Protein chains: 2
Amino acid sequence: MTDAPGGGRRGRGRPATAERVEGRPGTRDRILTSARAEFAARGYDKASIRAIARGAEVDPALVHHYFGSKEQVFEAALETAFAPVIGAPDQFAAEGAAHVGEQMTRFVLGVWENPATREPVLAVVRSAMNNETAARIFRQMITRHLLARLAREVRLPDADVRVQLAVAQLVGTAMLRYVIKVEPLASADPEELVARLAPVVQHHLTGDAPPGDG
Amino acid sequence: MTDAPGGGRRGRGRPATAERVEGRPGTRDRILTSARAEFAARGYDKASIRAIARGAEVDPALVHHYFGSKEQVFEAALETAFAPVIGAPDQFAAEGAAHVGEQMTRFVLGVWENPATREPVLAVVRSAMNNETAARIFRQMITRHLLARLAREVRLPDADVRVQLAVAQLVGTAMLRYVIKVEPLASADPEELVARLAPVVQHHLTGDAPPGDG
């Protein structure tokens with residue numbers, strides 16, 4: 001039935017084993033690493049708990065025990081992939097709203113320049129683009145942990161849409177530069193991009209609103 | 001072997017039938033419609049000429065006859081999906097560079113607001129995000145038909161990167177609004193978005209370059 005070492009029955013029937021395995025600090029991380037690889041390789045639709053368990057060398061029951069449903073495994077994998085991103089808004093706050101544009105720009109380019117942070121983020125974005133459930137989980141996560149927290153720094157009545165258009169500039173740049181790889185954008189010096197993008201991002205966040213608005 | 005009506009052997013062995021089918025004005029379009037549906041549903045990797053032929057109710061040999069390889073079918077499907085987009089830069093040119101920002105913004109939002117143009121474009125973008133070959137074909141197509149032609153209107157030494165960052169703003173907005181559907185962006189009035197985005201797009205195209213640059 002399973003490829004778990006020592007194989008066999010469900011964790012619930014084997015409390016001693018389940019406790020021992022659960023006690024290992026690396027197990028949860030290993031499941032999440034396997035989950036990210038599985039979601040990246042097969043997409044949300046086709047990914048399975050069984051394959052995630054196999055990749056982590058654990059019993060599928062242990063995946064359920066830690067995370068519950070496939071949806072919840074995806075949510076946890078997504079939060080791990082975005083862990084470096086999630087803390088960022090609090091760092092930006094320290095230097096005041098006038099500098100958030102440049103900080104956000106440097107931060108997003110930094111995440112995408114580094115394959116170790118780019119690949120997990122890209123895997124999640126791919127899943128979210130291909131599946132409604134994955135899109136919903138992704139939307140809830142970035143709204144709660146990223147967009148809403150950035151909006152609090154902006155302190156304007158239309159802060160939410162401002163933050164989202166600023167993020168749109170950076171997300172679109174990442175798509176064209178790192179995924180589609182159009183030239184010369186794909187080879188442009190990161191400092192040139194910061195110089196071009198930071199004023200635009202800052203304008204979205206704190207610049208004049210369009211006439212007749214907010 | 002096939003689901004083609006009248007079934008059976010390859011077109012090359014049946015010149016009378018092949019000619020008759022080829023003569024029907026709708027056949028090529030039907031293959032392309034089927035190809036778009038197949039690439040959208042299964043992605044570039046898993047899409048097959050056989051399934052495209054089945055969807056169009058033709059012999060697979062006819063798909064090869066019209067288009068050649070899977071790569072070439074994808075290229076043709078992509079050009080059809082982008083047909084409404086490809087002619088746009090010439091329209092923008094008529095009103096002069098000072099208005100291109102607003103025209104581009106209205107145009108891109110228009111393509112994404114309408115499901116009939118949005119779905120084919122989204123299908124192609126999904127394929128390009130998931131497969132290197134699809135990404136290359138997509139890159140070549142948008143560079144040749146869209147980015148390079150827009151850059152000619154801008155008439156500045158750094159026109160290419162300017163156009164790409166302007167397009168990045170619009171692509172990122174489309175991702176967040178129509179695919180991930182973050183609020184309030186997803187429900188924002190299109191005119192509000194034009195008012196917010198057009199000045200930014202125009203700035204990328206013709207605004208001051210950052211200090212020390214080009």
Side-chain angles (χ1 to χ4, degrees), chain A residues 43 46 122 125-126 128-130 132 134-136 138-140 142-143 146-147 158 160-177 179-189 191-201 203-204 207-214, chain B residues 43 46 122 125-126 128-130 132 134-136 138-140 142-143 146-147 158 160-177 179-189 191-201 203-204 207-214:
Chain A
K46 300 201 180 80
L122 184 53
V125 173
R126 281 190 178 120
M129 280 197 64
N130 284 292
E132 285 288 333
R136 175 174 53 74
F138 182 66
R139 178 171 66 241
Q140 290 167 345
I142 61 166
T143 299
L146 196 65
L147 302 175
D158 54 352
D160 286 314
V161 78
R162 286 172 173 272
V163 163
Q164 289 168 19
L165 292 177
V167 168
Q169 173 71 71
L170 298 172
V171 165
T173 303
M175 289 298 107
L176 292 180
R177 176 173 163 92
V179 183
I180 309 299
K181 298 179 185 146
V182 292
E183 293 292 355
L185 185 58
S187 310
D189 182 69
E191 283 303 316
E192 182 196 338
L193 294 182
V194 170
R196 289 179 183 274
L197 291 171
V200 168
V201 172
H203 167 80
H204 279 306
D208 288 342
D213 201 89
Chain B
K46 299 199 180 83
L122 184 53
V125 172
R126 283 190 176 119
M129 280 197 63
N130 284 291
E132 283 288 334
R136 175 174 53 73
F138 182 67
R139 177 170 67 240
Q140 290 166 345
I142 61 165
T143 300
L146 196 66
L147 303 174
D158 53 353
D160 286 315
V161 78
R162 285 172 173 272
V163 164
Q164 289 167 18
L165 292 177
V167 169
Q169 173 72 71
L170 298 172
V171 166
T173 303
M175 289 300 106
L176 292 180
R177 175 174 166 90
V179 183
I180 308 299
K181 299 179 183 145
V182 292
E183 293 292 355
L185 186 58
S187 310
D189 182 69
E191 284 303 315
E192 181 195 338
L193 294 181
V194 170
R196 289 179 185 274
L197 290 171
V200 167
V201 172
H203 167 80
H204 279 307
D208 289 343
D213 201 89

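Lettering of chains follows the sequences in order, A, B, ..., and the numbering in each one begins at 1. Note that this is a predicted model, so its numbers are computed, not measured. As a basis for the values below, the full set of heavy atoms in this structure was taken, side chains included, without hydrogen atoms, waters or symmetry mates.
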Response to the item:
Output for pair (Q164(B) CD, L193(A) CG), nearest 0.5 Å, gives 10.0 Å
Item to complete: Would you mind checking if R196(A) and D158(B) are paired as a salt bridge, meaning a charged N to carboxylate O distance below 4.0 Å?
Response: yes
Worksheet item: Within a radius of less than 6.0 Å around CD of Q140(A), do more than 12 heavy atoms belonging to other residues, nucleotides or ligands occur?
Response: yes
Worksheet item: Between A128(A) and I180(B), what is the shortest heavy-atom contact and its length?
Response: CB-CD1, 3.8 Å
Worksheet item: Partners of E183(B) by salt bridge (Lys or Arg N to Asp or Glu O under 4.0 Å), sequence neighbours excluded?
Response: none
Worksheet entry | Between A188(A), P184(A), A198(A), A135(A), the one whose heavy-atom pairs under 4.5 Å with chain B are most numerous | P184(A)
Worksheet item: Tell me, do M129(B) and N130(A) make a side-chain contact under 4.5 Å, heavy atoms counted?
Response: no
Response to the item:
Of L170(A), V125(A), V167(A), L185(A), the largest count of non-hydrogen pairs under 4.5 angstrom with chain B goes to L185(A)
Worksheet item: Checking V200(B) against chain A: side chain, backbone, both or neither under 4.5 Å from a heavy atom?
Response: side chain
Fill in: From Q169(B) atom CD to Q169(A) atom CD, the distance as rounded to the nearest 0.5 Å
4.5 Å
Item to complete: Would you mind telling me which of L122(B), L147(B), L176(B), V182(B) has the largest number of heavy-atom pairs within less than 4.5 Å of chain A?
Response: V182(B)
Worksheet entry | Within-4.5 Å side-chain heavy-atom neighbours: R136(B) and K181(A) | no
Practice prompt. Step through the shown structure and confirm whether more than 12 heavy atoms of other residues, nucleotides or ligands are within 6.0 Å of CG on D189(B).
Written response: yes
Worksheet, complete the sentence: When the 4.5 angstrom heavy-atom criterion is applied to M175(B) and chain A, the contacting part is side chain
Worksheet, complete the sentence: Max heavy-atom pairs within cutoff under 4.5 Å with chain A, candidates V179(B), T173(B), L165(B), goes to L165(B)
